[in-house]
Every structure is written in structure tokens, then in C-alpha cells.
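Working notes, beginning with the structure itself.
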Amino acid sequence: MKPSTPKGTRDFLPAQVVKRNYIFDTIKSVFIKYGYQAIETPTMEKLSTLMGKYGDEGDKLLFKILNNGDYLADANEDALNNKDSNKVLSSIASKGLRYDLTVPFARFVVMHQNDIAFPFKRYQIQPVWRADRPQKGRYREFYQCDVDIVGSDSLLYEAELVQMYDEVFTNLGIKTIIKVNNRKILFGMAEAAGIANQFMDMTVAIDKLDKIGEQGVKDEMERKGISTEAISNILKMLNMSTLTEFETAFANSETGLKGVEELRTFHQYFDLKTPYNKVEFTPTLARGLSYYTGCIFEVEVDTNAEGQEKVKMGSIGGGGRYDDLTANFGLKGVSGVGVSFGAARIYDVMEELDLFPKNNASELKVLFLAENQQAHIQAFGLLNQVRSAGINAALYPEFKYKKQVKYATSINVPYMVMVEQTEDGTVQAELRNVATKDRTVMHIDEIIEQLKD
RNA sequence: GUGGUUGUAGCUCAGCUGGUUAGAGCGCCUGAUUGUGGUUCAGGAGGUCGCCGGUUCGAAACCGGUCUUCCACCCCA
């Protein structure tokens, strides 16, 4: 039989894992610096935790786990006979794979509210699963990398999160544009245009702006039955760029004015330090129809930056504030704000721009090669010394020179040490630089010195 | 979930409108050669043509189903 992985899942080769970990490590070190702590939640959650949190569409995309034991014995018989999958489900499956990290986190906060201190700052890097149909850059198993604060509505955290974006992408070497908006500004626009009741339709249309253009947005809103007058009003507002303009437009929208004020406060915190990346107020940023209620963020690769012109990639990060994150689980009035890093997309961008470091600390530094069995045993002793000095080292098991060199070149190791017996019966070690082909016989202590830098 | 697309050796792919024992390059293994950095030469192993069923005297090729790949839509990350 031909081995394969399930649809939408993949294996990761050593070189890929090294690169992925480089991204995670860079992100983690920034999280830790800003005072966030890691948590983990189980791969599976109860379906009662998961169902109904992502809409009807989301429920379909949940992977369900069959109950153990004789699950059909306990299945709902009527539903089974009628082939009613939805009804049968609840009697044969009570667990599912996590669909994102936010809902499990909300469950976590409610369950452990007495063990954690608010504001609670956590980060979480774990895979999630979706039974979506796979396509380019979309898998059924992928990592999410979330950082959130719950239990405070201070805008200091919005500023902090954007600073973290700025620092992470600077460290990774990607020049980005960090777009900032506020859902209250969007609501203000709907209110100012007199279509507050069609806020959702408007938001969904605006969210597609990048994809379908201004005319497309106009058409979409028309289709949703928004009046032409309101549409032209909204389009006019979308082209405004300063908070002062919005303040004027929102004279009759309390929510809109609140949004302007929130963004001003955000800037009071944020502007104390000059960011390396572009941070732009973007009134057209909508972030889908998700649960966001305040500030929203999205990160894009800056295609105007030198060397990045050709990068075609959607958003590589996003997030925002959501009130009542935990209300679903019975804890009201707890506000949260968080952002997510799109690890897989960041990986692709870094690959395209060749931004991964060449010499990774987790890679093998030196490969020992021995001439014969006698030398092999001696080489193992030398190997121990090199490893004790903290250098990543390995010994090749066979003696055939051709195979040794072939292996060394195929694993891309920078140094080799050839261990040979001399005529007087002692052993000598020769350090070889694979790239320059330099070779020198030297004492093992010297070799260690050489390899250390 | 809808529409399309892909599947032949470990890898990248040929294989005409159905017709003998299914091929190439690379890789792999063995031996020689090279006083040592993937050399050269010779030989070799490896495929139920994704899987199941059908049409046919005959299927890798045609038809149906299924799994997989990639793409668009829906939605989303």
C-alpha cells in the first residue's frame, strides 16, 4: 500500500521544522519580553464548548470525534433510521478537535478564573483543525499563534500589541504595514449614513474592498438593498483619512465618536515610540463579520518596500478587541483584545524573500568520519569531547570514503573531521572545511576552539 | 458544501486515436577507476500505471465510483 497523510495535512522535513521554529522562537521571545505567558489547551474539546461559536458554517467545519466503545448502541435510533446526520451526531460524538485558540481560551479563562490574575496576558501556539476543503495556503491542520489580554479594556494593550507586531516583523526582517481601525468607526459610518440596521451587510461588503474594488463594494451594497444615497455617503467616508474628518461626520453618532476617541487614546500610548513598520489608520479595514467590537488590526507585507515588490500575500496577521469574550461560558463583562500571527504565511514570505538565517544553531556543525574500525572507536571518544564543549556533532557509521563525503554534502554540514591511524599506531584528526576545502591536522582541543566561533 | 483539475519507479516526468515483455533523467545498490570533496566506466535492484468496479478479444489509456493533489467559489487563517 502507498502511504499517505489525510487530506489537507502534511509532514514537515527537518529543514522546515528548523525554519518554523525560528519563526516561533522569534515571536515567543517578544511575547515573553512584553510579559505574556504560555498556556496550552487540549487538542480536543467537548462539542458543547465548540458548537455554535463559529456559526452554522463553522459547525460543519468542526472535526468530530466518534465516541469510544459501542457507540451505535447508544445512538439515537430514529435519527439513525432517518439518516439524519445532524441528529445522530449528538448521540455518537461528544468531542471535537479545536477549531481555533480563542474559544478554548475563553473556556480556559472561565474555568480557571480563580487561579489567574486579571488582566491575564497569555500566548498560545498550537495547531488547530478545520474540515475545510484544502487549497493554496489552506490546510486542515495548521498552527495558530495567538496573544491576548483579558480582563481590561485599557487601550494600553492595543498599543502594546501593535508594538509587538512591529518588533516581531522587524526581527524577522519583513517590512509590513500594520493597519488599524475600530469597529465603532465602521458602525459610526453606518449610523451617519442612516443604515445602522444594515451594519453587517455594509461591513461584509467593505471587507471585500481589496478583492473586488470600490465598484464591487458599491454593487454588493446595492444588492443588499442599501440606498444609493447611503452608499455614496459611505464611499465618501471610506476615502477620508483623518480622525478629525470622521469626528465631523459623526456629529450624530455617539458610537462613531467613541471610536474616534478610542483611536486617539491608542495613539497617545503608541506614539511615544517610533515604529519601524508603517502603522496606518485604515477606515476601510473591516475584519469580516467576527465578534470584534473595538480596535481591529491587520498586518500586510509592504509591497512598496525595497525587495518586497513581488510578494503577493494577503494578511499575515490580524486581531482586535472583543467585549464579552467569556459571556458564552457564563462570565460576563470581561473584555479581551488579542492578535494572531499567520505562521504559515509568514513562513512563505520569508522563504520567498530568503530571510531565514543561514547558520541555524540547531543544525549539525561537524561530522566525524573514521578510516576504519579502530579509528572509529577513537573518533567516538573525540566526538564526546566535542559534544561536551557544546558543539553539535555526529559520527558517520561507515568507513567508505565515497559514502562518507556523499553523506556529508547531502546533509550540508559545514565541517568534517577525518580520523585516521598514522603509521606509528596513534590517531590523528584532520579538520576540514567543506566549503573552502581547507584541511588541517590538529589536536582535538584546537578543533574545538576552531568550531566554537 | 459547489465547479474544475491531478495521480505512471524513491524524485521529476514521457508513454500517439486502446494493441506484444511500461520508458527516460536523476537518485539508490554492487564492482572497477580516481592517492580522497558528490569523478568516470560497467552492471543491478525497483512499478498490481492511486484504489474498486465496468466496457472490450485486449485498458496505464475509454466509462462510473472512491481516495488524493492543486485551483476557483462559499467561508476563513
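Residue numbering restarts at 1 for every chain, and letters A, B, ... go by the order of the sequence lines.
A straight line from CZ of A:Arg287 to P of B:C76 spans 11 Å, rounded to a whole angstrom. As rounded to whole Å, 12 Å separates atom C1' of B:A77 from atom CG of A:Leu61. Remark: C1' of B:U68 and CZ of A:Arg140 are 11 Å apart, rounded to the nearest angstrom. B:A77 atom P lies 13 Å from atom CD of A:Glu57, rounded to whole Å. Across the protein-nucleic acid pair, A:Leu62 atom CG and B:C75 atom P stand 18 Å apart, rounded to whole Å. The CG atom of A:Asp11 sits 13 Å away from the P atom of B:C11 (whole-angstrom rounding). Here B:U2 presents its C1' atom at 13 Å from CD of A:Gln135, a figure rounded to the nearest Å. One interatomic measurement links the two molecules: CG of A:Asp132 to P of B:U69, which rounds to 13 Å at whole-angstrom precision.
If you look at A:Phe341 and A:Tyr123, their ring centroids are not closer than 6.0 Å. Taking the ring centroids of A:Phe368 and A:Phe380, they lie at or beyond the 6.0 Å cut-off. Proximity of the aromatic rings of A:Tyr143 and A:Phe24 is defined here by a centroid distance below 6.0 angstrom, and this criterion is met. Residues A:Phe297 and A:Tyr165 keep their aromatic ring centres 6.0 Å or farther apart.
Ranking B:C76, B:G3, B:G38 by closeness to the A:Arg130 side chain, first place goes to B:C76. Closest to the A:Lys7 side chain, of the nucleotides B:C75, B:U68, B:G37, is B:U68. Closest to the A:Tyr401 side chain, of the nucleotides B:C73, B:U36, B:A77, is B:U36. Set against B:A77, B:U36, B:G1, the side chain of A:Gln144 has B:A77 as its closest nucleotide.
The gap from the C1' atom of B:G25 to that of B:G46 amounts to 16 Å, rounded to the nearest Å. For the P atom pair drawn from B:A60 and B:G3, the interatomic distance equals 30 Å after rounding to whole Å. To the nearest whole angstrom, the two P atoms, one in B:A59 and one in B:G38, are 49 Å apart. Using P as the reference atom, B:C51 and B:U33 are 44 Å apart when rounded to the nearest Å. One P atom belongs to B:G27, the other to B:C70, and the distance between them is 27 Å to the nearest Å. The gap from the P atom of B:C75 to that of B:A14 amounts to 37 Å, rounded to the nearest Å. Atom P of B:C62 sits at a distance of 27 Å from the matching atom of B:G1, rounded to the whole Å. Nucleotides B:C13 and B:G35 have their P atoms positioned 40 Å apart, rounded to a whole Å.
Nucleotides of RNA chain B nearest to A:Pro6 and A:Arg439 differ in position, and the one nearer the 5' end is that of A:Arg439. Residues A:Gly342 and A:Glu420 both approach RNA chain B. Their nearest nucleotides, taken by heavy-atom distance, put A:Glu420 toward the 5′ side.
The phosphate of B:U36 has neither OP1 nor OP2 within less than 4.0 Å of any side-chain N or O from A:Gln404.
Residue contacts for A:Tyr139: at a heavy-atom cut-off of 4.0 Å it reaches a base atom on one of the strands shown. Note on A:Gly319: nothing from the nucleic acid sits closer than 4.0 angstrom, heavy atoms only. The residue A:Val434 sits close to a base: some heavy atom pair falls under 4.0 Å. Within the nucleic acid shown, A:Asn433 comes within 4.0 Å of at least one base atom, counting heavy atoms only. Within the 4.0 angstrom heavy-atom criterion, no nucleotide atom of any strand lies near A:Met418. A:Glu141 comes within 4.0 angstrom of no nucleic acid atom, judged by non-hydrogen atoms across all strands.
A distance-only check finds no donor-acceptor pair linking the side chain of A:Asn76 to the backbone of A:Val88 [under 3.5 Å].
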Query raised in the report: Just the dot-bracket of RNA chain B, please: which string comes out with Watson-Crick or G-U pairs under 3.5 Å, [ ] for crossing, | for another strand?
Result: ((((..(..((((.....[...)))).(((((.......))))).....(((((..]....))))))..))))....
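Under a cutoff of 6.0 Å and an axis angle of 45°, A:Arg122 and A:Tyr36 do not form a cation-pi pair. The side-chain tip of A:Arg130 points at the ring of A:Tyr99 from less than 6.0 angstrom away and within 45° of straight on.
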For nucleotides 28-34 of chain B, list the nitrogen or oxygen atoms of the protein found under 3.5 Å from its nitrogen or oxygen atoms, one pair per line.
{"unit_1": "B:C28", "atom_1": "OP1", "unit_2": "A:Lys406", "atom_2": "NZ", "d": "3.3"}
{"unit_1": "B:C28", "atom_1": "OP2", "unit_2": "A:Lys406", "atom_2": "NZ", "d": "2.8"}
{"unit_1": "B:G31", "atom_1": "OP2", "unit_2": "A:Lys400", "atom_2": "NZ", "d": "3.2"}

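Residues A:Thr170 and A:Asn277 have side chains that bring a donor and an acceptor to within less than 3.5 angstrom of each other.
Residues A:Gly259 and A:Lys184 come closest through the heavy atom pair CA-CB, 3.6 Å.
Residues A:Met51 and A:Asp59 have side chains in contact (heavy-atom distance under 4.5 Å, counting atoms from C-beta outward).
The number of heavy atoms from other shown groups lying within 6.0 Å of CD (A:Glu280) is above 12. At most 12 heavy atoms of other shown residues, nucleotides or ligands fall within 6.0 angstrom of atom CD in A:Gln37.
At a cut-off of 3.5 angstrom, the base of B:C75 holds no donor-acceptor pair with the side chain of A:Arg133.
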